[in-house]
Amino acid sequence: TSATYYVLINNNGCTAIDSVVVGLANDQTNVANTSICFGDTAQLIITNLNPFDPLTYDWSPNNQIISGDGTNTILVSPTSNTTFYVTATSGAGCVITDTIDVSIDSLTTLNINVFADSTSIYSGESTQLHVTPSGYSYAWLPNGIENSNAQNPTVSPTATTTYTVVITSANGCKLIGHVTITVYEIKCGEPDIYLPNAFTPNGDGENDVLMIRGEGIENLTLKVYDR
């Protein structure tokens, strides 16, 4: 650590006091590790804590440096976790070596898969949305989705809707995907509801039962009259 030294001068009763601060070179700089999204750039900075003692800088590895080598700030864009080394030299010849670790968030390199249990439903029905990869934060759009921050929410659109999901990592990297749910209105007639106009209950196994067929039928009352 730094230390302050004092000197007292006495000349026939006249005194004067002065001081000098002596700092260790190892305490003169400051650096910090960082994380970036894959494909992004980062500025790496070494700070000189003693501006009265200028430093010169040399960074490595050289093949990972975009610009700034020889200064206190370099621009880098590594594609994998990388340790950068910087050597700072003072005017007195003191040498300080620091390292900065740059970790790469790989979220944006992953394949996103967005799908639904059913991408075609009738009005009033529901379907569950799904997305991978797992283990991140999720936000589904548009607004109005119950549990919109769940990985696999259930939706009940009243009209054809495209849903968007934004996946976010702890470092703020984002991955976006979409899925469209087509909503059909049920028509009270063909082709959604079909009622045969004849049947032959003669026990031959063909058309013995009068049956209404259709989509979305929950309750049915059928009355047959003998004309």
Q: Using distance alone, with no hydrogens and no angle criterion, decide if Thr162 and His178 have a side-chain donor and acceptor under 3.5 Å apart.
A: no
Q. Do Pro78 and Ile36 come within less than 4.5 Å of each other through their side chains, counting heavy atoms only?
A. yes
Q | Nearest heavy atoms of Leu55 and Ala88, plus distance in Å | A | CD1-CB, 4.0 Å
Q: Can you tell me which residue pairs pass the ring pair (Phe, Tyr, Trp, His ring centres under 6.0 Å) test with a partner in residues 140-170, sequence neighbours excluded?
A: none
Q: Determine yes or no for a side-chain-to-main-chain donor-acceptor pair under 3.5 angstrom, with Thr168 supplying the side chain and Gly172 the backbone.
A: no
Q. Are side-chain heavy atoms of Asn143 and Leu141 found at a separation under 4.5 Å?
A. yes
Q: Indicate yes or no: at least one non-hydrogen side-chain atom of Tyr136 is less than 4.5 angstrom from one of Leu110.
A: yes
Q) Is any side-chain heavy atom of Ile121 closer than 4.5 Å to a side-chain heavy atom of Ile181? A) yes
**Q.** side chain to side chain contact (heavy atoms under 4.5 Å, CB included) against Ser80, all qualifying residues, sequence neighbours excluded
**A.** Thr82
Q. Backbone N or O of Tyr138 within a donor-acceptor pair of the Asn149 side chain at under 3.5 Å?
A. yes
Q. Can you list the steps and then say if Thr158 with Val183 is a side-chain contact (heavy atoms from CB on, under 4.5 Å)?
A. CA-CA 7 Å; Thr158 57; Val183 178; over 6 Å; no
**Q.** Nearest heavy-atom neighbours spanning Asn12 and Asn10
**A.** N-OD1, 3.7 Å
Q: Test Thr29 against every option in Thr47, Thr97, Asp98 by the side-chain contact (heavy atoms from CB on, under 4.5 Å) rule and name the one that passes.
A: Asp98
Q | Under 3.5 Å: donor-acceptor pair, side chain of Asn48, backbone of Asp53 | A | yes
Q. Are a donor atom and an acceptor atom from the side chains of Ser169 and Asp105 found within less than 3.5 Å of each other?
A. yes
Q | Short side-chain donor-acceptor distance under 3.5 Å, Thr4 and Ser19 | A | no
**Q.** Step-by-step side-chain contact (heavy atoms from CB on, under 4.5 Å) determination, Leu129 to Val165
**A.** CA-CA 10 Å; Leu129 309 179; Val165 59; over 6 Å; no
Q.
Keeping Thr127 on the side-chain end and Ser118 on the backbone end, is there a donor-acceptor pair under 3.5 Å?
A. yes
Q) Can you check side-chain contact (heavy atoms from CB on, under 4.5 Å) on Leu44 and Val102, steps first, answer last? A) CA-CA 9 Å; Leu44 308 185; Val102 179; 3.8 Å; yes
Q. How would you list, by chain and number, every residue that makes a ring-ring contact (aromatic ring centres under 6.0 Å, His included) with Phe115, sequence neighbours excluded?
A. His130
Q) Who passes side chain to side chain contact (heavy atoms under 4.5 Å, CB included) against Thr89, sequence neighbours left out? A) Thr56, Thr87, Val95
**Q.** Linked, directly or transitively: Phe84 and Val86 (ILVMFWY side chains, under 4.5 Å)
**A.** yes
Q) At what distance, to the nearest 0.5 angstrom, does OG of Ser60 lie from CG of Asp69? A) 8.5 Å
Q: Mind checking the CG-OG spacing from Asn81 to Ser106? Nearest 0.5 Å is all I need.
A: 9.0 Å
Q) Between Ser156 and Ser126, do the side chains contain an N or O donor and an N or O acceptor separated by less than 3.5 Å? A) yes
Q: Considering non-hydrogen atoms only, spot the tightest contact between Thr108 and Lys174 and give its length.
A: CG2-O, 3.4 Å
Q | Remaining members of hydrophobic cluster (4.5 Å side-chain criterion), Val166 | A | Ile176
Q.
For the backbone of Val131 and the side chain of Gln151, can you confirm whether one donor and one acceptor N or O come within less than 3.5 Å of each other?
A. yes
Q. Would you call Tyr184 and Ser120 a side-chain contact if the rule is heavy atoms closer than 4.5 Å?
A. yes
Q. Is Asn147 reaching over with its side chain to a backbone N or O of Ala150, donor-acceptor style, under 3.5 angstrom?
A. no
Q. Which pairs pass ring pair (Phe, Tyr, Trp, His ring centres under 6.0 Å) with one or both residues in residues 42-68, sequence neighbours excluded?
A. none
Q. Can you name the nearest heavy-atom pair linking Asn171 to Ser35, along with the distance?
A. OD1-CB, 3.7 Å
Q: Using atom types as modelled and distance alone, determine if a side-chain donor or acceptor of Ser148 lies under 3.5 Å from a backbone N or O of Ala139.
A: no
Q | Minimum heavy-atom distance Pro157-Val155, with the two atoms named | A | CD-C, 3.6 Å
Q) Is a side-chain N or O of Thr71 found less than 3.5 angstrom from the main chain of Thr73, in a donor-acceptor match? A) yes
Q: Can you spot which of Thr99, Asp101, Asn33 makes a side-chain hydrogen bond (donor to acceptor under 3.5 Å, both in side chains) with Thr83?
A: Asp101
**Q.** Donor-acceptor pair, side chain of Gln64 and main chain of Pro61, under 3.5 angstrom
**A.** no
Q | Which atom of Ile100 lies closest to which atom of Ala32, heavy atoms considered | A | CG2-O, 3.3 Å
**Q.** CD1 on Ile104 to OG1 on Thr109, rounded to 0.5 Å
**A.** 10.5 Å
Q. Is a side-chain N or O of Ser134 found less than 3.5 angstrom from the main chain of Thr132, in a donor-acceptor match?
A. no
Q) Applying the 4.5 Å side-chain criterion to the ILVMFWY set and letting contacts propagate, would Val76 and Ile45 be lumped into a single cluster? A) no
Q: State, with a plain yes or no, whether a side-chain heavy atom of Leu8 is found less than 4.5 Å away from one of Thr15.
A: yes
Q. Are the side chains of Thr119 and Thr180 in touch, meaning some heavy atoms are under 4.5 Å apart?
A. no
